[in-house]
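Structure, as structure tokens:
Residue numbers start from 1 in every chain, and the chains themselves are labelled A, B, ... in the order their sequence lines are given, proteins ahead of strands. Keep in mind the model is a prediction, meaning the values are calculated, not measured.
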Amino acid sequence: MNLSEQYPIHLSNSLSGKKEKFEPLVPGFVGMYVCGPTVYNYVHLGNTRTFLTFDTVSRYFRFLGYKVRYVRNITDVGHLESDADEGEDKIGKKARLEELEPMEIVKRYTEDFHNVMRIFNILPPSIEPSATGHIVEQINITKKLIDLGLAYETNGSVYFDVKKYNQSHHYGILSGRNIDELMESGRDLDSQDEKREKVDFALWKKASPAHIMRWPSPWGEGFPGWHIECTVMSTKYLGETFDIHGGGMDLKFPHHECEIAQATGANGKTPVRYWLHSNMLTVNGQKMSKSLGNSFLPSELFTGNHPMLERGYTPMTVRFFMLQSHYSSTLDFSNEALGAAEKGYKKLANSLKLIKSIEHPGNATPDKELNEALQTLVADCYKNMSDDFNTAKTLAVLFEMSSRINDMKSGNVSLNKIEPAVFESFKKAYIGFMEDVLGLQEETSSDDKLLDGTIRVLIELRKKARTDKNFALSDKIRDDLKAIGVQLKDGKDGEITYTIE
RNA sequence: GGUCUCGUGGCCGAGUGGCUAGGCUGAGCUCUGCAAAAGCUCCUACAGCGGUUCGAAUCCGCUCGAGACCUCCA
């Protein structure tokens, strides 16, 4: 029995609103699409949480032995500005503000995005398609929808006919809306007069004369609507039906709802089997967003250079902090919580370093209870992750394992009592869940060999002073190092280790 | 206004019909030349009011409070 059978994954499907057992379309394979960033600005921490969530999801699938194709797009065109901007596209607007070519903007912020992902140890997706690279496909599906009678052209723009679609399907199936209520409520947009109904949404927008980003189409020069790129890119690389579609909660409506309508309308089948939505990062209980002005840039977080921050926090501290809550809950961001996370993370990271250096001596005289307890911990890691990717529960188990690792180091627990095979699986699980599944690496604040060598010289001097009972000198070495941020720790075996604060 | 979610101990945050979540903080003990680290112990909560049940933080209803979506947003 392989791991995926032993620990079947159950996940919360937003489509059904229930936790369901995950059954891949093709055994052993997972196709997953996640809505990526719009690269017209720096990514903030709230964005990062979503990508971290799905990073962990894809990591865990792979850890269980699935072959994963993870597609995450780059939106470099298409998002319409609000009514004030008369349907102008975000990238184009920003470009003129800064007097740059749109592609310059796209490149700058894409690189920033990749950089942030790297810093947080968020692995790259298998495919990272861009909207501008799929204009032809977007035009084709728009044509198809017109031919099927599900879309119509007005003044060089093309809109999806939601009412028509709703006659044979259910528009609102994901977000629980009903079309009559939608048609009554909501604001009037500028393009209202072009649409038959206010619920209709653009598949293709005519470009105004001033509009920079434009492509020729059967309806004149223009650019694709917001929702169509995801439909095109997901189905192109994953098929007309695929396993998982993820994204932030705020995309559920209208974005994801429209994706379902477009894809179902065009291909005649339900595009996605499991919808996963990650919840928002909040600040003082309010959603973190650029428009509210309460967002944090990753760089501000690392340096502490932000009015709301008392000091800086490392990327792994932030990663740990986010993993301590479930992805489907909101998570509130505060100095206190971050400070607590820092200590917690360091504890786990210390044990990670420790366990790597511990080897089993062989020849066990096993203690049955102990061995069973250790095996239970390993199994619990899998069980908790398989239960809707519950990273918070998994971390609780890792803390327990961390204590046992410290026991092994201190001698509280004798390695002789642990069966070699149990020890190996325990060690492998701790390292595996920390590094491969949760992506929590050791954060060497300095891998500077010169510094390390220098500290070791001082440690040797201190050892000598202690053997000579020259505590005045040994304490001075320790205290002076402490003052500049190097904490020495005396082990029971006489070995001295250090951490840089 | 419509749709929906949430309200857990000093703080953060899991859980969701009966069994200790966990982290941080605080107190104590052990180890230690003293520290630090580590191990152990303690502080035991589920907004309020009703109801269902042998039993509810967990299900149902109401009240209060907070938030999200309905418009670009992860």
Scan [X] against the nucleic acid and name what it touches under 4.0 Å (heavy atoms): base, sugar-phosphate only, or nothing.
X      : value
A/G46  : base
A/K347 : sugar-phosphate
A/F471 : base
A/L488 : base
A/L251 : sugar-phosphate
A/R72  : nothing

Using both distances under 3.5 Å as the test, list the Watson-Crick or G-U wobble partner of [N], or none.
N     : value
B/U16 : none
B/A56 : none
B/U44 : none
B/C49 : B/G61
B/A68 : B/U3

Could you state the atom-to-atom distance from [atom1] of [X] to [atom2] of [N] in whole Å?
X      : N     : atom1 : atom2 : value
A/E342 : B/G23 : CD    : C1'   : 13 Å
A/D200 : B/U71 : CG    : P     : 13 Å
A/K252 : B/U71 : NZ    : P     : 16 Å
A/N178 : B/G1  : CG    : P     : 18 Å
A/L481 : B/A35 : CG    : P     : 19 Å
A/R404 : B/G39 : CZ    : C1'   : 8 Å
A/K343 : B/G23 : NZ    : C1'   : 11 Å
A/I358 : B/A38 : CD1   : C1'   : 12 Å

(request) For the residue pair A/F433 and A/Y60, categorise the inter-ring angle as parallel (less than 30°), tilted (30 to 60°) or perpendicular (more than 60°). (result) tilted
Quote, to the nearest angstrom, the [atom1] distance that separates [N] from [M].
N     : M     : atom1 : answer
B/C69 : B/A74 : C1'   : 14 Å
B/C11 : B/U25 : C1'   : 7 Å
B/C70 : B/U53 : C1'   : 39 Å
B/G15 : B/U5  : P     : 16 Å
B/G18 : B/C4  : C1'   : 31 Å
B/C49 : B/U8  : P     : 16 Å
B/C46 : B/G9  : P     : 8 Å
B/G13 : B/U52 : P     : 35 Å

With the side chain of [X] defined as its heavy atoms from C-beta on, choose the nearest nucleotide among [options].
X      : options             : answer
A/S403 : B/G39, B/G33, B/A36 : B/G39
A/A396 : B/A74, B/G22, B/C70 : B/G22
A/N406 : B/C34, B/A38, B/G67 : B/A38
A/Q286 : B/C72, B/G67, B/A35 : B/G67

Between [X] and [Y], does the ring centre distance come in under 6.0 Å?
X      : Y      : value
A/F242 : A/Y237 : no
A/H256 : A/H277 : yes
A/F296 : A/H44  : no

Compare side-chain N and O positions of [X] against OP1 and OP2 of [N] and report whether any pair is under 4.0 Å apart.
X      : N     : answer
A/K346 : B/G23 : no
A/K489 : B/U32 : no
A/K287 : B/C69 : yes
A/N412 : B/G39 : no

(message) Which is more 5' along RNA chain B, the nucleotide nearest A/A341 or the one nearest A/R462? Just name the residue.
(response)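 Looking at RNA chain B, the more 5' nearest nucleotide goes with A/A341.
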(request) Identify, between A/F320 and A/D407, the residue whose nearest nucleotide on RNA chain B lies closer to the 5' end. (result) A/F320
(message) Please encode protein proximity along nucleotides 2-17 of chain B as a string of B, S and -, counting only heavy-atom distances under 4.0 Å.
(response) BS--------SSSS--
(request) For the pair A/K393 and A/D380, find out whether any cationic side-chain nitrogen is under 4.0 Å from an anionic carboxylate oxygen. (result)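 Answer for the salt bridge query: no.
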Test item: [X] and [Y] side chains (from C-beta on) under 4.5 Å apart, heavy atoms:
X      : Y      : value
A/R319 : A/T56  : yes
A/T394 : A/Y382 : no
A/F426 : A/R404 : yes

(request) May I have all residue pairs that pass salt bridge (Lys or Arg N to Asp or Glu O under 4.0 Å) and include part of residues 112-124 of chain A, sequence neighbours excluded? (result)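 Sorted result for residues 112-124 of chain A: empty, none.
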(message) Taking atom NZ as the centre, does A/K356 end up with more than 12 heavy-atom neighbours from other residues, nucleotides or ligands that are less than 6.0 angstrom away?
(response)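 Yes - once you tally the heavy atoms of other residues, nucleotides and ligands closer than 6.0 Å, there are more than 12.
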(request) Determine whether any donor atom in the side chain of A/R49 lies under 3.5 Å from an acceptor atom in the base of B/A74, or the reverse, and answer yes or no. (result)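 For A/R49, whose side chain was compared with the base of B/A74, there is no donor-acceptor pair (under 3.5 Å).
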(message) Let's go through A/T330 and A/R49 carefully: what are the C-alpha distance in whole Å and the side-chain angles of both, what is the deciding distance for side-chain hydrogen bond (donor to acceptor under 3.5 Å, both in side chains) to 0.1 Å, and is it a yes or a no?
(response) CA-CA 10 Å; A/T330 55; A/R49 160 124 111 137; 6.0 Å; no
